[in-house]
Every structure is written in C-alpha cells, then in structure tokens.
There are 2 protein chains.
Amino acid sequence: MGSDSTKEKIVQAAKQIFLRKGMDGARMQEIADEAGINKAMLHYYFHSKDQLFDEVFYGILSQLIPGLISIFKSDKPFLDKIEAFVTEYDTYMSRNPFLPQFVFREINRDPDQLSRFMSDRGLNFELVEGMINREVSNGNIRPITFPHLFANLIGMIVMPYIGRPLFQRKLFKNDPIEYDRFLLERRSVITQFVKQALGA
Amino acid sequence: MGSDSTKEKIVQAAKQIFLRKGMDGARMQEIADEAGINKAMLHYYFHSKDQLFDEVFYGILSQLIPGLISIFKSDKPFLDKIEAFVTEYDTYMSRNPFLPQFVFREINRDPDQLSRFMSDRGLNFELVEGMINREVSNGNIRPITFPHLFANLIGMIVMPYIGRPLFQRKLFKNDPIEYDRFLLERRSVITQFVKQALGA
DNA sequence: AAATAGTTTAACCAAATGGTTAACTTTGCA
DNA sequence: TGCAAAGTTAACCATTTGGTTAAACTATTT
C-alpha cells in the first residue's frame, strides 16, 4: 500500500502551497501537481479543500504552540525564559518563513475555530500571565501587563518575516544573505531590547 | 452624470471588501453589491479586478506613507518623533483596523510592484536611517541599527491589530470594549517601552 | 426636438475551480 | 491462485468567477 506515502506526500505538498498562498489563494490542482499525483487523490484522502486545510493548519499549530508554552514552565530566571522564547520562536520561523503571515491570515479568516482549537487543547495564557504579574509585584521588572508584553514580543519577532519582501528590498538592497544575517542578529537584539525596556 | 458618484461608490465599496478579504478572497459581485450597483459598472470604470485593486491599494498607501515620513522631518527631539510616529500610525490603524493585515498580505503577493511604487514616489528610509545613526554616535540612545528599530516599532504597533481576533478572545474574554481600551493604552506603553530600551 | 455621448442594466460567455464517477490497477491475504 | 479491498486515474460535472455585449436609458448639446 503506497497509501501512507501518498497521504504524506499530499500533506507536505498542501503545506507548501497553503503556506505560500493561504486558503483562498491555493488551488487543489496546484497541490496535486506539487505532490505529483492525480487531483482525485486529494479527495480520496481528504473530503474537501477545507478539511485538507484544517489538517495542515492545525497540524502546524499543534507542533508549534506547546513548545512555546513549555518554555515558560521551565525554572529558568524570567528573563532567560524570554531569551529562550525569542530564540525558539525565531528558529522555528527561520525554518518556516511563510508561517507567520499564514497564521495571521487565517486568524482573521476563522478566528472562532482557532480559538476553540486552543481551548480544546488547554492552550491558554493564564500560567504565563500570572508569572509576569508576579515578576512585576516583586519589583523584578518594570510594570507591564501580560497582553502588552506579549504583543510587543510577538510583534518584534514576527515582523521581519511578515515584512521580508519589502524590508529586504528597501533596507538591504534586496540581498537575501544580508537579510538572513539581520534575522539572526534579531534574536539577541530583541532580547536585549526587552531586557532594557523591562529595566532588568 | 452620476458618474463621479458611482465611481466613488465603487472605490469605497472595493476598499471595504478588499481590506477584509484581500485580493484573492474578494469577489467582484460582492463589491458590486456593497456599492449597490450592477457588476458591469465595475468593468466600465475599471478595466479589471487587478486594476481596481491597485487603485484602491495604492490609494491607501499614498495617503498613509507620506504622513509617517513627514513626522521624522519635523524638528522635535528624536524621542518625541518616535512618540508622534507611534501615535500617528496607531490612530490611522484604529480608523482602518484591517489595514495592516491587508498591507502585509499584499506585500507578500506582489512585492516588486510595491517596491517600485515606493521608489517612484521617492519614499525611502535613508533620511530616517541617517537620523538614527546620528543619535547613536552622539550617544543619545543605545546602539541600534535602523532596520532593527524599525522592525521593533512597526511590529509592536501593528501586532494587536493583526492578531486582534485571537488576542481579544484569549486575553480579553472577547470583550471588544476592553480590547479598544488596550489598543489605546498601547500608544503610551510602546513609547515608554522604546524610550527605556533605548536608554533615554 | 433630434442627435449625440455618457451611463446603466440584464443576459450571456469562457475559463477556472472544487468535487464526483466509473473504470482500471495494484496489493494483501485466504 | 484468485478475489476482495485499497489505491489510482482520466473524464466528467456543476458552480463560481471575472469579464463581455448589446440594448436601453439619461443627460447634454445644438
């Protein structure tokens, strides 16, 4: 049975195409071509485009989110956790450069489904939120609420990936090597930036 | 001649739909419905979907970008410029909440065109870049390159808009009023965050 | 008022798209 | 070996989509 292999080929191909074009922009034929199979096979293994998409999308999230949350469950000092978070997230992005744009696009397309997915898996932020509030009341970091710190962090990490096509052209003379160097630099730049902002 | 009014109705309707759904997700019929006119009128005033899209997209950018750059041409102290930039940008976003997601989606769809558009209009960052380098060499702010500071700023400003559907649900119990309050807070939070990070 | 140019509409079209069908091939196993 | 199930394919289908057309309507000009 080539079944397992074919199904896997489909998932991989769908990942490529969906990541680059999003749900709306992707074509089933394109996915089939990328996988090197007949289009009917897509519907043999997955009922519909929607189901295939969900499989891919939530497969990616299931892989990404738990790793990020687990960082905050370690017993490192708080600022080291931030450093680990930045590095881990950024490493993942560098291997999946289209992911942020993809995730945010779909966040806006069907937010309820995503929200439900996270709730179902017990993925919430209360643990991290409490941790930050404690750091603030202990006077270890300057006052800031969790949503603000979270938005700041994610924003800084994600922006150079989402904006890459423009940033690379306008700020790095469209030199991809220079831009990759820039991306790598950001791990320490962001960490330093946050540490200083939090007065640590 | 209802011409001018009809054309304007089309542009406004197209703006709404394109902002929410992007180029791929938008339907010409939907735009016609939103404008309350016959679909053929879209092609009467604009040759194609692509041309209509470009008109809308670059109309928005033409309005947004110059205002942002002019802030840095004023003679305020540098950190006040940052504050003004954050406030101005954020005010614009609050009036056009779908804009960031939209812009970044299209940045990825056709980067060359956007890059050319900016070049044609002389919209480049050299002025601001020089300004920041000068601040650093004068020792007024901690060392940081322009691309890093730019990515940090834009990321922090834009993130809560791009991620709103999820953030509001997961961090604010899906209460839109609380989220709007959060968005407003961010202007000062970001400004403070940056000032402290830059050691000012 | 007649001719003309600009505006609007309903009906239509070809291409693309997600999805189905029925026949054919391969595989696992009694 | 033979047969049932799984896997695969080409051809097909209904709907959607961007776009066109020709006729009708409206305003302007003379």
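Quick note on labels: first sequence line is chain A, next is B, and so on, each numbered from 1. Every heavy atom of this structure was used, including side-chain atoms; hydrogens, water molecules and symmetry mates were not.
- Spacing between atom NZ of A:K39 and atom C1' of D:dA11 amounts to 11 Å, rounded to whole angstrom units.
- Of the options B:K15, B:E8, B:K9, B:Q16, a side chain to side chain donor-acceptor pair (under 3.5 Å) to B:Q12 is made by B:E8 and by none of the others.
- If you take CE of B:M41 and P of C:dA10, they are 12 Å apart, rounded to a whole angstrom.
- With D:dT9, D:dA6, C:dG6 as the candidates, the nucleotide lying closest to the side chain of A:Y44 is D:dA6.
- Between the CG atom of A:L42 and the C1' atom of C:dT20 there is a distance of 13 Å, rounded to whole Å.
- Within 4.0 Å (heavy atoms only), B:A32 reaches no atom of the nucleic acid at all.
- For B:T6, a side-chain nitrogen or oxygen approaches OP1 or OP2 of C:dT8 to under 4.0 Å.
- Atoms CZ (A:R27) and C1' (D:dT16) sit 11 Å apart, rounded to a whole Å.
- Contact of the A:M23 side chain with the A:K49 side chain is registered, since non-hydrogen atoms from C-beta on lie closer than 4.5 Å.
- In this structure, CD1 of A:I31 is placed 18 Å from P of C:dA16, rounded to the nearest angstrom.
- For the pair A:Y45 and D:dT8, the criterion of a side-chain N or O lying under 4.0 Å from OP1 or OP2 is met.
- When rounded to the nearest whole Å, the span between NZ of A:K7 and P of D:dT8 equals 12 Å.
- Within 6.0 Å of atom NZ in B:K21, 12 or fewer heavy atoms from other residues, nucleotides or ligands are found, so the atom counts as exposed in its surroundings.
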Side-chain donor-acceptor pairs of residues 78-88 of chain A under 3.5 Å, sequence neighbours excluded:
| from | atom 1 | to | atom 2 | distance (Å) |
| --- | --- | --- | --- | --- |
| A:K81 | NZ | A:F72 | O | 3.3 |
| A:K81 | NZ | A:S74 | O | 3.2 |
| A:T87 | OG1 | A:E83 | O | 2.9 |

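- One can place CG of B:N38 at 14 Å from P of D:dT20, the figure rounded to the nearest angstrom.
- The side chain of B:H43 has D:dT20 as its nearest neighbour among D:dA6, D:dT20, C:dG19.
- Distance B:D24 CG to D:dT16 C1': 15 Å, rounded to the nearest Å.
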